[in-house]
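Here is the structure we will look at.
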Amino acid sequence: MIRDQLLAAVHDALVHLGVDTVPDGVVVERPARREHGDWSTNAALVSAKAVGKNPRELGQALADHLDANRPPHVEALEIAGPGFVNFRLAPTWLHDVLIEVIDEGEADYGRLSIGDGLTVNIEFVSANPTGPIHAGGGRWGAYGDSLARLMARCGYEPHTEFYINDRGVQTVLFGQSLAAAKAGDETPEKGYKGVYIDDWAAEMPDDVDPTTWGIERSLTDSRLVLADMNVEFDTWSSEKALVEAGAEAEVLDRLKQSGLVYDKDGATWLKTSEYGDTDDRVLIKSDGEYTYFTPDIAYHLDKYNRGDHLIDILGADHHGYAPRMRAALIALGKPAESYEVIIGQNVKLVRDGTEVKMSKRAGDIVEIRDLIDEVGADVARFAYLLQSVDSPQTLDLDLLSTQASENPVFYVQYANARIHSIGREAAERGIERSPLSGVDLSVLDHERELEVLRVLSSLPEVLEVAVKERAPHKVTTWVRELAAAFHGFYRDCPILRSDIEPETQQARLWLAEASRVGLAIGLDLLGVSAPEHM
RNA sequence: GCGCUUGUAGCUCAAUUGGAUAGAGCAUCUGAUUACGGAUCAGAAGGUUGGGGGUUCGAGUCCCUCCAAGCGUACCA
């Protein structure tokens, strides 16, 4: 890749100029501003101190040396600002990008190997099976699924899981609430209320265990709505099954071997404070029951059977949970860095200008189902992935539905539809793309054309940063940029118009095809469809 | 009180993880269509990056300190 070639040239030049050990901070990057060239290096700024020169002086020497030994495509070099060396490249480097995109195609362009085959277990959503998933939970579905897709493209082997808390106090209460609703009795103390309880109770047959039936009803609902969002899990893990297989006792034994288990006040504790937790935690309550924590440790241990690296995606309301789980896993001999927790900030839902507080028990929830039915899966999913999970998200339900047609997702999908429209129109006129190897790409020199290629060229870098930072929203940003570049190209560079030279037409047809490939890759990573018509 | 996270344009959010003049969308205003889909394109306006201090060639980004918001601080799950 061009970037590596430039970096290698910079390294050589630095060594030639007496910088024996090139600092790690030396990079080749894309300048923020076009007038600063196509690529730029901070080498002189970072290395100046080591050789006792001022940055501009070193930068000039660097530029001179690189000018005398030009890397491929480089047309001009200049020194700017505090000592940046800027590379100006001939458009040929972008024509090479087009060839690369077409050759590698949807399946392989931007595919990276940085994951090196590491198996990663990603758990997300894991909403309690005591009701429908609310619109806030949809964020984790969209995020987790896209993260898995992103990791798969970057050389990891992700395995996605949904943990089902299908036993314990809450599930019993849920069953009781269903039974009460069916019998027309009052909701039990701290029980579950809401329209869905009444609806489900009405569906419930007479001769079933309400808890078991209710959990299954809830899971069916969750599976369907997640599938509608294009979110699929490789494994649905049942807490109940784990417990019935004796996993708690087993994990307790293993924990005891760490010497960190002790009894106090009639309860059994794990000394999680040994590994960074603020307090020790209870494994077995004084009434003899396991806490939620114990089977969950067993579950996390179990997940290592399906991944060498664990990722938990948790809402901010569960962030306090991470230190104790990490401590427990360390106690079990797992490397601290093999357990990763991603804390996502919660979603705030606004309707009629006021926040909707969500609680399953109070029955006041906005279901993800409602959101999808109202705005569509693509709009919902794109909206979730529009921003970083580090920042709290405000979803204005009114805005999302009334502005559905102005949603950025349509802007991107429209670009795709236009490309397909060109294809249809070309077919109708009997115009075909001739083999790329015979097409003269040098005619692609319009700024609009080059901009499309520039955006396409950045995909590998975007994916690298996105996967390292667990930030699929960067893919969203990129795909919007690509759509913008394409719309600009489409507007200013006609392809099928009768006065367009055949050479130009061929090159532009291929450019459109490369754009299609880029959009397809980006939208697929986001789990959003790429319709051919709109 | 303590801990985690966040604070960027009127609104919703970006910003190549320390780079050059902080960018998009929406909303507002102004332009563009004998065209392959106008769900488009171009432009204007909008900012003391919550306040203050520090680190260095260089800070929205790192450190300290205030301010504000969200979340957490169970022998609940």
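Per chain, numbering begins at 1; letters A, B, ... match sequence-line order. This is a predicted model, so every value here is computed, not measured.
Comparing the same atom, P, in rU21(B) and in rA59(B) gives a spacing of 10 Å after rounding to whole Å. Nucleotides rA27(B) and rA44(B) have their C1' atoms positioned 15 Å apart, rounded to a whole Å.
Between K285(A) and rA77(B) there is a side-chain polar atom (N or O) within less than 4.0 angstrom of OP1 or OP2. A close approach under 4.0 Å does not occur between any side-chain nitrogen or oxygen of R480(A) and OP1 or OP2 of rG23(B). Within the structure, every side-chain polar atom (N or O) of Q170(A) is placed at least 4.0 Å from both OP1 and OP2 of rA77(B). The phosphate of rC13(B) has OP1 or OP2 within less than 4.0 Å of a side-chain N or O from T394(A).
Within 4.0 Å of A80(A), counting heavy atoms only, lies at least one base atom of the nucleic acid. Using a 4.0 Å heavy-atom distance criterion, I343(A) is classed as making no nucleic acid contact. Using a 4.0 Å heavy-atom distance criterion, H473(A) is classed as a sugar-phosphate-only contact. S40(A) comes within 4.0 angstrom of a base, heavy atoms only. Among the heavy atoms of the strands lying under 4.0 Å from N86(A) is at least one base atom, whether or not backbone atoms are also near. As judged by a 4.0 angstrom heavy-atom cut-off over every strand, T278(A) is placed among residues making no nucleic acid contact. Among the heavy atoms of the strands, none lies under 4.0 Å from N165(A).
Between W236(A) and F162(A), the ring-plane angle classifies as parallel under the 30° and 60° cut-offs.
Stacking is found between H36(A) and the pyrimidine-like six-membered ring of the rA20(B) base under the 5.5 Å centre-distance and 30° plane-angle cut-offs. For F84(A) and rA20(B), the ring-to-base geometry satisfies the stacking test (centroid distance below 5.5 Å, interplanar angle below 30°).
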